[in-house]
Each structure stands twice: as structure tokens, then as C-alpha cells.
Amino acid sequence: MRLQGKTAVITGAGSGIGRASCLLFAQEGANVVAADINEESAAATAEACQAAGGAAIYVRTDVSRAEDCAQMIRRAEAHFGALHVLFNNAGIMLSEDGDAMATEEDVWEMTMAVNLKGVWLGCKYGIPALRRAGGGSIINTASFVALLGAATPQLAYTASKGGVLAMTRELAVIHARENIRVNALCPGPLRTELLMKFLNTEEKKQRRLVHIPMGRFGEAEEMAQAALYLASDESSFVTGTEFVVDGGITAAYVTPE
Ligand code: NAD
């Protein structure tokens with residue numbers, strides 16, 4: 001098992017990438033702390049991990065609030081003894097997010113609070129715990145939109161993910177000698193709640209699929225597999241990367257018919 005004896009905190013654990021990662025990490029022997037603002041869905045994820053024979057607890061956590069993040073890390077250490085993996089994955093994409101003119105201040109601020117400040121707060125409280133454990137792995141979920149511009153704008157979302165990428169690089173450099181690795185996961189378009197809410201007609205889905213060389217959306221489970229590699233010792237010399245898992249979207253100029 002690839003995460004035997006390790007404890008992992010995963011945010012956004014109630015759905016999509018977060019839930020799939022909790023299940024996979026638990027299967028691979030990790031003690032899982034499922035953190036989500038939605039308590040019910042976090043609890044359901046922890047139960048599913050337990051039902052599959054894993055060790056898991058849940059913590060209601062709003063990653064944009066410092067006290068919640070501090071509590072999330074405290075619960076992990078109190079329950080499982082140490083923290084080895086921190087997966088800062090929670091994120092939102094608001095429907096009112098648009099171009100520079102259309103995006104309102106509250107939409108900008110909320111997006112930044114969850115997607116960018118939330119990653120920083122996870123690190124603020126998580127890094128001391130990783131130090132106490134003698135090191136570990138941090139994975140921050142960014143996006144392919146941190147690397148490419150889109151003509152269908154979601155300016156606040158894109159800017160927040162660019163921030164996650166830049167912050168990840170700097171964290172990686174700062175903590176490299178402490179045996180703490182920090183990598184960003186950059187998913188392509190996925191068939192999860194977050195995106196399917198927007199691409200809610202067949203026409204909208206097809207318009208997005210045109211850009212993906214593999215011709216399909218990614219699955220949360222495929223992101224979980226990438227996160228597992230970054231979490232495990234198999235990636236022991238990997239830090240500061242933008243780990244792109246995107247069906248080829250960032251490689252394409254023109255995609256095949
Ligand atoms: P999802 O909507 O299925 O899951 C996101 C989870 O985050 C939900 O359970 C939600 O309750 C939780 N959450 C929202 N706000 C929170 C907060 N303040 N504190 C704690 N939890 C909160 O989405 P997903 O597709 O699994 O997305 C996970 C991450 O992947 C996000 O950071 C997203 O931006 C990123 N991403 C998604 C895609 C995609 O196409 N779906 C592509 C690239 C990147």
C-alpha cells in the first residue's frame with residue numbers, strides 16, 4: 001500500500017476530486033481527514049472510506065476561515081498522531097464570474113477567499129504539523145486555466161488559480177530543505193459537479209470538448225491517481241511542479257476532428 005501509516009488531510013472532500021482522493025488514499029492505507037464546508041457530504045465521504053475498510057474522520061471546515069483551518073489540522077494530529085499529506089483541493093467557480101467589467105467585487109473576493117486564501121491558510125497551519133512529522137507532501141489544486149487563457153472568461157477563478165500556482169512554487173522552494181514537497185495539480189476540464197453545473201446543455205459540453213485532444217472530460221478518479229503519486233514517496237524528488245493532468249488540452253493548438 002502506497003500511503004500505509006500516513007495521515008492525509010483533504011479539503012473539498014465532500015465531492016469530486018476530494019471525495020475520490022479520500023477513497024483512494026484510504027484504500028492505499030492512509031488515515032484520512034475529510035474536510036468540507038458541507039458537513040453532510042464530508043461525513044458521507046468518511047463513512048464511505050470506513051465502509052471500504054479505511055480509517056477516516058470528517059471535519060466541517062470552511063477553508064477561507066483561519067480558525068476552521070487551524071481546527072482541521074488540530075483534529076488530524078489529535079486523532080491520528082501526525083500529519084504527512086495536505087491536499088488543499090477545495091475550490092469554487094461562481095456563475096457570476098465573468099470578464100473584467102461583469103465581475104462584481106463580492107464575486108472576486110469570495111473566489112479569492114476560497115481558492116487562494118484557503119490554500120494559504122491550509123499551509124499556514126499545516127506546515128508546522130508537517131514539520132513536527134519530519135516532513136511530508138502538500139498538493140494544491142490549481143487548474144489548466146492557470147496556464148492558458150480562455151475566451152469564455154471566469155476572471156476571478158483564473159486569477160485565483162494563477163495565484164495557487166505561483167504560491168506553490170515559492171512554498172516548494174522555501175520548504176525544500178525541510179523534507180516538505182509542494183506541488184500543484186492542474187486538472188483539465190472534468191466531469192464533476194463544479195464544471196457540469198456550467199456546461200449544462202449538450203451544446204455547451206460539445207463546445208468545450210472540441211478543445212480536448214482526448215475528446216472527453218476527465219474523471220475525478222483520474223485526478224485522485226495523480227494526487228496519490230504526489231502524496232506518496234514515489235514522487236520523492238518532485239517538488240514545485242505544475243502537474244498537468246488534462247487530456248492534452250494545454251498541448252493542443254488544433255485538436256483532431
Ligand atoms: P466539486 O464542486 O465537485 O467539489 C468541490 C468541493 O469543495 C465541494 O464538496 C464543496 O462543498 C467544497 N467547498 C466549497 N467551498 C468550500 C470551502 N469554503 N471550504 C471547504 N470546502 C469547500 O469540484 P471538483 O471538480 O472536485 O473541484 C475540486 C478542485 O479542482 C477545485 O479547486 C477546482 O477549482 C479544481 N478544478 C476543477 C476542474 C473541473 O473541471 N471540475 C478543473 C480544474 C480544476
Side-chain angles (χ1 to χ4, degrees), residues 9-24 33-46 48 58-73 86-95 97 109-122 125 139-148 150 152 154 156-165 167-168 184-200 204-205 208-209 211-212 216-224 226-227 242-247 249-250:
V9 166
I10 301 176
T11 70
S15 172
I17 300 175
R19 174 169 285 188
S21 299
C22 286
L23 291 168
L24 182 62
V33 179
D36 202 288
I37 195 168
N38 182 329
E39 184 163 5
E40 240 172 67
S41 65
T45 296
Y58 71 92
V59 194
R60 190 209 166 269
T61 310
D62 177 347
V63 295
S64 69
R65 295 170 58 96
E67 184 42 47
D68 283 22
C69 290
Q71 165 77 358
M72 166 180 91
I73 301 296
L86 172 62
F87 189 5
N88 290 309
N89 166 73
I92 54 171
M93 188 197 268
L94 301 176
S95 55
D97 192 0
E109 276 161 10
M110 186 165 182
T111 303
M112 290 296 166
V114 177
N115 293 8
L116 186 55
K117 183 182 170 198
V119 171
W120 162 59
L121 286 175
Y125 298 101
I139 304 147
N140 298 327
T141 304
S143 168
F144 73 101
V145 301
L147 304 165
L148 289 180
T152 44
Q154 281 156 335
Y157 182 82
T158 298
S160 73
K161 295 301 185 179
V164 169
L165 210 53
M167 182 164 56
T168 298
L185 175 65
C186 295
L190 306 181
R191 210 167 51 87
T192 65
E193 179 89 15
L194 182 119
L195 186 62
M196 292 305 117
K197 235 175 20 212
F198 290 97
L199 308 183
N200 52 6
K204 287 187 193 165
K205 286 192 182 69
R208 184 62 62 94
L209 282 173
H211 300 287
I212 309 173
R216 65 172 177 86
F217 292 106
E219 302 292 336
E221 290 73 17
E222 294 175 305
M223 301 307 118
E242 37 198 60
F243 202 85
V244 178
V245 188
D246 71 346
I249 194 168
T250 54

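Just follow the structure's listing: the first ligand is 1, and inside any ligand the first atom is 1. Predicted model, so just to flag it, every value in this text is computed and none were measured.
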Completion exercise
On a heavy-atom basis, the closest approach of F144 and G188 is CD2-CA, 3.5 Å

Problem - Closest protein heavy atom to atom 20 (C) of ligand 1, given as residue, atom name and distance to 0.1 Å - result: T61 O, 3.1 Å

Problem - Atom of S41, atom of G14 and distance for their closest heavy-atom approach - result: OG-CA, 3.4 Å

Exercise for the section: Using a strict cut-off of 4.0 Å, indicate which atoms of ligand 1 neighbour a heavy atom of T141. Expected result: 29 (C), 30 (O), 32 (O), 35 (C)

Fill in the blank from the handout: So OG of S160 and CG of L165: to nearest 0.5 Å the spacing works out to 11.0 Å

Problem - Main-chain N/O of A156 paired to D97 side chain as donor or acceptor, under 3.5 Å - result: yes

Fill in the blank from the handout: Heavy-atom proximity to atom 40 (O) of ligand 1 ranks first, among L190, D246, D62, for L190

Exercise for the section: Would you mind checking which non-hydrogen protein atom is closest to atom 1 (P) of ligand 1, with the distance to 0.1 Å? Expected result: S15 OG, 3.5 Å

Practice task
Please test V245 against M223 for side-chain contact (heavy atoms from CB on, under 4.5 Å), starting from the C-alpha separation and ending with a verdict.
Solution key: CA-CA 7 Å; V245 188; M223 301 307 118; 3.6 Å; yes

Practice task
Please confirm whether P189 comes under 4.0 Å of ligand 1, counting heavy atoms of the residue only.
Solution key: yes

Handout entry: Side chain K161, main chain T141, donor-acceptor under 3.5 Å
Key = yes

Practice task
Output yes when the distance from some N or O of ligand 1 to some N or O of S64 is under 3.5 Å, and no in every other case.
Solution key: no

Handout entry: Under-4.0 Å heavy-atom contact with ligand 1, by part of T192 that carries it
Key = side chain

Handout entry: Nearest non-hydrogen partners of A227 and F87, listed with the distance
Key = CB-CE2, 3.6 Å

Problem - Side-chain donor or acceptor of D36 paired with backbone N/O of A13 under 3.5 Å - result: yes

Practice task
Work out whether the distance between some heavy atom of Y157 and some atom of ligand 1 is less than 4.0 Å.
Solution key: yes

Handout entry: R19/E219 salt bridge by N-O under 4.0 Å criterion
Key = no

Practice task
Can you sort out which atoms of ligand 1 are near E193, meaning under 4.0 Å from one of its heavy atoms?
Solution key: 3 (O)

Completion exercise
Atoms of ligand 1 under 4.0 Å from any heavy atom of L195, numbered from 1 in the order shown, are 40 (O)

Problem - Sub-4.0 Å heavy-atom contact, T11 with ligand 1 - result: no

Exercise for the section: Among all protein heavy atoms, pick the one closest to atom 16 (C) of ligand 1 and tell me residue, atom and distance. Expected result: I37 CG2, 3.6 Å

Practice task
In sequence, state the C-alpha distance, the side-chain angles, and the governing distance for V119 and T11, and then conclude on side-chain contact (heavy atoms from CB on, under 4.5 Å).
Solution key: CA-CA 10 Å; V119 171; T11 70; over 6 Å; no

Practice task
Look at the side chain of T61 and the backbone N and O of V63, then say whether any donor-acceptor pair between them is shorter than 3.5 Å.
Solution key: no

Completion exercise
Nearest non-hydrogen contact to atom 5 (C) of ligand 1 from the set S143, G118, G91, G16 belongs to G91

Exercise for the section: Tell me, yes or no, whether the heavy-atom count around M196 atom CE, taken from other residues, nucleotides or ligands under 6.0 Å, exceeds 12. Expected result: yes

Handout entry: Residue selection (non-hydrogen contact nearest atom 29 (C) of ligand 1) among N89, N38, N140
Key = N89

Exercise for the section: Looking only at protein heavy atoms, identify the closest one to atom 42 (C) of ligand 1 and say how far it is in Å. Expected result: G188 O, 3.3 Å

Problem - R19 near ligand 1 by a heavy-atom separation under 4.0 Å - result: no

Exercise for the section: Starting from atom 44 (C) of ligand 1, locate the nearest protein heavy atom and write down its residue, its atom name and how far away it is, to 0.1 Å. Expected result: A142 O, 3.3 Å

Exercise for the section: Below 4.0 angstrom from a heavy atom of K161, which ligand 1 atoms are there? Numbered from 1 as shown, please. Expected result: 31 (C), 32 (O), 33 (C), 34 (O)

Fill in the blank from the handout: F243 and A226 have their tightest heavy-atom pair at CE2-CB, 3.9 Å

Exercise for the section: Distance to 0.1 Å, residue and atom name: give those for the protein heavy atom nearest to atom 37 (C) of ligand 1. Expected result: L194 CD2, 3.7 Å

Handout entry: Euclidean distance, C186 SG relative to D246 CG, rounded to 0.5 Å
Key = 8.5 Å

Exercise for the section: Give yes or no for whether the N/O distance cutoff of 3.5 Å, strictly under, is met between V114 and ligand 1. Expected result: no

Handout entry: Check: T111/N115 side-chain N/O donor and acceptor closer than 3.5 Å
Key = no

Exercise for the section: Give yes if a backbone or side-chain nitrogen or oxygen of D36 is under 3.5 Å from a nitrogen or oxygen of ligand 1, and no if not. Expected result: yes

Handout entry: Heavy-atom nearest option to atom 15 (N) of ligand 1, drawn from D68, I92, V63
Key = I92

Fill in the blank from the handout: Note: ligand 1 atoms sitting under 4.0 Å from heavy atoms of G14 are 9 (O)

Handout entry: Nearest-contact summary for atom 26 (O) of ligand 1 - protein heavy atom, Å
Key = I17 N, 2.8 Å

Practice task
Using a strict cut-off of 4.0 Å, indicate which atoms of ligand 1 neighbour a heavy atom of A90.
Solution key: 20 (C), 21 (N), 22 (C), 32 (O)

Handout entry: Intermediate values then yes/no, side-chain contact (heavy atoms from CB on, under 4.5 Å), Y157 and L194
Key = CA-CA 12 Å; Y157 182 82; L194 182 119; 4.1 Å; yes

Practice task
Specify side chain, backbone, both or neither for M223, according to which of its non-hydrogen atoms lie closer than 4.0 Å to ligand 1.
Solution key: neither

Handout entry: Nearest-contact summary for atom 7 (O) of ligand 1 - protein heavy atom, Å
Key = G12 CA, 3.4 Å

